[in-house]
Structure formats: C-alpha cells, structure tokens
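Heads up: the structure comes next, in structure tokens.
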Amino acid sequence: MQVFKFGGVSVKDAISIKNVANILKNKANEQTVVVISAMGKMTNKLEELVNSYFYKSSDSLLIFQEIKDYHFNIIDQLFVNKDLLIVDEIENVFLEILWAIEEEPSNSYSFYYDQLVSQGEILSTKIISAYFNEIIISNKWIDARGIIQTDNSYREANVDYLLSKELTCNQIIPLLSNYNIIITQGFIGGTSENYTTTLGREGSDYTAALLAYFLDAKQIVIWKDVPGVLNADPKYFKNTKKIDELSYHDAIELTYFGTSVIHPKTIKPLQNKNIPLFVRSFLKPDDIGTVIKNINKRNTATSYIFKTDQLLISIQPKDFSFIAEENLSLIFSMFSKNNVRVNMMQNSAISFSVCIDNDKYKFDNLLLELQTQFKVLYNDNVQLMTIRNYNQETITKLSENKIILIEQRSRNNYQMVIKEME
Ligand code: ASP
Ligand code: MG
C-alpha cells in the first residue's frame with residue numbers, strides 16, 4: 001500500500017478538488033491512504049477565530065460566518081444533488097463550533113486552539129470523502145483522532161507511537177480489503193480523554209509519514225504546487241532548481257533549517273523503515289518530482305533557506321555573571337517548556353542570542369519566564385538566511401543592502417540573521 005498527502009493548496013476550491021479526484025483515478029490503483037489538510041487558508045482563518053474568541057479581539061461570529069460560507073460555497077460547486085447527508089453533517093460541525101465559541105473560555109488558549117483549529121481538517125476530509133463517493137471513487141473516511149494518539153501538549157502534541165501503531169493497524173488494515181482508498185486528516189490527533197490535539201503547523205506531512213511507518217507502506221507521495229524539493233523558495237528567489245534525489249540525511253538537514261516543502265518531523269519515521277518519499281506536483285502529476293530515499297550520495301548543490309518574521313533575542317544574566325552551563329541549562333528548559341524551537345543561537349561571555357519564529361503567544365509566555373531571571377532584549381522583524389553548501393560569493397550577494405546582526409558558519413552551512421537597511 002501507499003500513502004498520499006494533499007495539502008491545503010491542493011484542495012483550496014472545487015476545481016482543485018476535482019484535480020485531486022483525477023490524480024486518485026490515475027495513480028491510486030493500489031491500496032492508498034490519503035491524508036488531507038484543511039482547505040486553502042482555512043487553518044489561518046481558524047487561528048483568527050480562536051484568537052478572536054479567546055482574546056475577544058474581534059468579532060468571532062463574522063470570522064465564523066466567513067469560514068462557513070467558504071466551505072458551503074465549495075459544497076455548492078461540487079455536488080449537483082443538494083439534498084445530501086453531507087450538508088447536514090457539515091451543518092452539524094458548524095453548529096458545534098458555534099456552541100464552543102458561545103461559551104466563555106475556561107481552559108487554556110492552546111486547548112481551544114486545538115479543539116477549534118482541528119475542525120479545518122475534519123471539514124475538508126468530510127466534504128472530499130463524500131464528493132469522491134458521489135463520483136464513484138469509493139472510499140472510507142477515518143477519524144485521525146481515533147488512531148493518532150498523543151499526550152496533551154496542545155498545539156505540539158507528542159505522538160504515542162506504540163499505541164497509535166496498534167490503533168492504525170487495527171482500524172485500517174481490515175478496511176483495506178473492502179476499500180482501495182482510505183481518507184483521513186493530517187495534523188490532528190486525540191488524547192486518552194478524547195480531546196483533540198494538533199501536531200504543530202504544517203503537521204500533515206508528519207501524519208502521512210507516521211501512517212506510512214505504521215502500515216509499512218511501499219512509498220509516500222506528498223503532492224505539492226511545486227515540481228519537487230527546490231534549492232530555494234520561488235517566493236523569494238528567481239531561477240530555482242529542482243533537486244531530483246536527496247538522501248534522508250540531506251532532507252533532514254534541509255527541513256531542519258526551514259525548507260518549507262516538508263515538515264521537519266516527517267523524515268525520521270520514513271528513514272527508520274526505508275520508505276521512499278516522493279514530492280510531486282499535483283499540477284503535473286506525471287512528472288517525477290523529487291525522491292527522498294536511502295542513498296549514499298551527498299547533495300552538493302547550494303540551497304537557500306530564507307525565514308522571515310523572526311525574532312532575535314538576547315538573554316543576559318541580571319547580575320552580569322557569565323553565560324555558563326547553569327544559565328544555559330535554565331534557558332533551554334524555559335524554551336523547551338514553552339515549545340519554542342531555536343532556529344539559530346550564539347553566545348558571548350555575558351549574552352546568549354537566539355533566533356526564533358515570531359509566534360506571539362509562545363513568545364509572550366517565554367518572555368515572562370525569561371524575565372524572572374534574565375535581562376532580555378529583542379529585535380523583531382528580522383530574517384534568517386541559511387545557505388547550505390555556501391561560498392563567499394553567495395554570501396556577499398545575499399547580504400547586499402542588509403545589516404548582518406549575527407552570523408555563523410560551519411563546514412557546509414552558513415547562517416545569518418539580517419535586517420533591512422533603514
Ligand atoms: N492545516 C494545517 C496547517 O496549515 C496542517 C497542514 O496543512 O499540514 O498548518
Ligand atoms: Mg495547511
């Protein structure tokens with residue numbers, strides 16, 4: 001069997017969903033587990049909904065209505081026969097969301113985040129599964145919350161591999177004798193108390209990799225709007241090149257530094273079982289794309305990884321003492337507790353500098369905690385540029401008209417935190 005993953009862009013409207021149907025008709029000639037994300041930008045919209053609900057920052061009902069209209073508009077375009085169970089089913093999901101946001105919050109932000117944001121995946125998979133059945137692509141919908149079991153670290157839940165493997169095999173394997181296609185959600189899981197969790201933004205790839213690992217899949221295909229893994233993000237760079245083949249090792253390095261085509265957690269389960277991962281274009285489904293597999297060749301092409309909206313924090317002991325092991329260990333425990341990932345770090349005698357993604361909620365909590373022990377300064381709106389297989393020329397070109405705040409180089413990797421010149 002194989003696992004396919006379709007992200008938000010590939011199911012952003014009725015035309016795109018029809019394209020996915022064609023890909024399945026042509027490529028799913030063997031048992032296929034299909035992992036699907038929320039449609040289009042719905043995860044961001046649902047985040048807005050959570051923020052407006054929790055912080056009472058704007059009108060939740062308006063955002064709610066926007067999300068509802070978006071989905072019903074797609075339903076209208078997909079289904080000819082409107083008198084369908086799916087309409088009631090989707091109405092019910094929205095009714096539950098509405099009830100949830102009408103109640104006063106009595107739990108943490110992260111808890112509500114997961115209960116609400118996860119609905120994007122529930123909605124998309126329910127609609128798509130019903131549509132596929134309607135056009136006779138027979139399939140079975142599975143609730144990922146019943147197979148991907150996690151702890152209750154909301155927004156960044158940790159998967160219980162053993163239990164999830166058991167549940168996945170018990171539920172999916174028997175179905176595969178009756179259905180060629182199983183449809184489930186990426187990104188979401190469930191706790192032992194039946195609450196919903198999420199695995200971190202863009203976590204659907206990770207779900208797909210987990211399912212491939214549990215089910216001993218022959219391959220996994222991530223269908224994207226780009227031709228494969230590129231050496232730079234076409235959003236920021238001209239003349240990008242596709243990388244045809246990558247070793248698991250190179251893929252982990254690239255995703256670790258922030259290559260956005262695949263989620264960083266995706267590679268490890270696949271590498272453990274030697275399952276090849278293909279990144280292919282849903283716009284040109286016959287092109288081969290990139291394959292990530294067990295090869296011995298090191299990728300020597302220069303890759304550029306650019307992260308915007310970064311924070312550069314400088315942490316100093318209040319008493320002017322040195323940044324030494326005890327301080328570092330305290331600092332790291334605070335980062336880890338707040339689930340903040342370090343993108344780059346550097347230390348001097350009395351200051352420790354860290355570059356992180358600007359996530360307001362996480363940073364506010366981290367800052368409060370750091371400030372109890374340290375003096376904290378920070379620069380927002382900075383960018384992090386990583387160059388794999390760099391040379392001086394590439395560095396000079398990319399730092400033109402920029403202020404370099406900190407930089408660091410190892411044998412293969414160069415990183416700089418930069419700011420635009422005023
Ligand atoms: N829908 C989620 C997100 O946008 C998960 C994913 O797409 O991978 O973050
Ligand atoms: Mg998404």
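Predicted, not measured: the structure shown is a model, and the values here were computed from it. Hydrogens, waters and symmetry mates play no part in the numbers below; they use all other heavy atoms, side chains included.
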So if I apply the salt bridge (charged side-chain N to carboxylate O under 4.0 Å, His left out) rule between D357 and each of K307, R201, K362, which one comes out positive?
K307

Below 4.0 angstrom, N of the basic side chain to O of the carboxylate: do E407 and R409 qualify?
yes

Are L405 and Q346 side-chain neighbours, meaning at least one heavy-atom pair lies under 4.5 Å?
no

Just checking, is any N or O donor in the side chain of Q65 or D69 under 3.5 Å from an acceptor N or O on the other one?
yes

With no hydrogens and no angle check, do the side chains of S353 and S314 hold a donor and an acceptor under 3.5 Å apart?
no

Using the ring of Y213 (Phe, Tyr or Trp, six-membered ring only), decide whether K273 places NZ or CZ under 6.0 Å from its centre and within 45 degrees of its axis.
yes

Is the ring pair W223/F6 parallel, tilted or perpendicular, if the boundaries are 30 and 60 degrees?
parallel

Assess the side chains of N139 and S129: does a donor N or O sit below 3.5 Å from an acceptor N or O?
yes

In terms of the angle between their ring planes, are Y109 and Y113 parallel, tilted or perpendicular, with boundaries placed at 30° and 60°?
tilted

Mind checking whether Y154 and F111 have parallel, tilted or perpendicular rings, split at 30° and 60°?
perpendicular

Parallel under 30°, tilted from 30 to 60°, perpendicular over 60°: which one fits the rings of F237 and F306?
perpendicular

Check whether any side-chain heavy atom of M344 sits under 4.5 Å from a side-chain heavy atom of V417, and report yes or no.
yes

The side-chain contact (heavy atoms from CB on, under 4.5 Å) partner of M39 among E121, K12, H71 is H71

Answer yes or no for R341 and Y256: cation-pi contact, defined as NZ/CZ to six-membered ring centre under 6.0 Å and angle to ring axis within 45°.
yes

Report the relative orientation of the aromatic rings in F54 and Y112; use parallel for angles under 30°, tilted for 30 to 60°, perpendicular for over 60°.
tilted

Looking only at heavy atoms, the pair that brings K242 and T290 closest together is CG-OG1, 3.9 Å

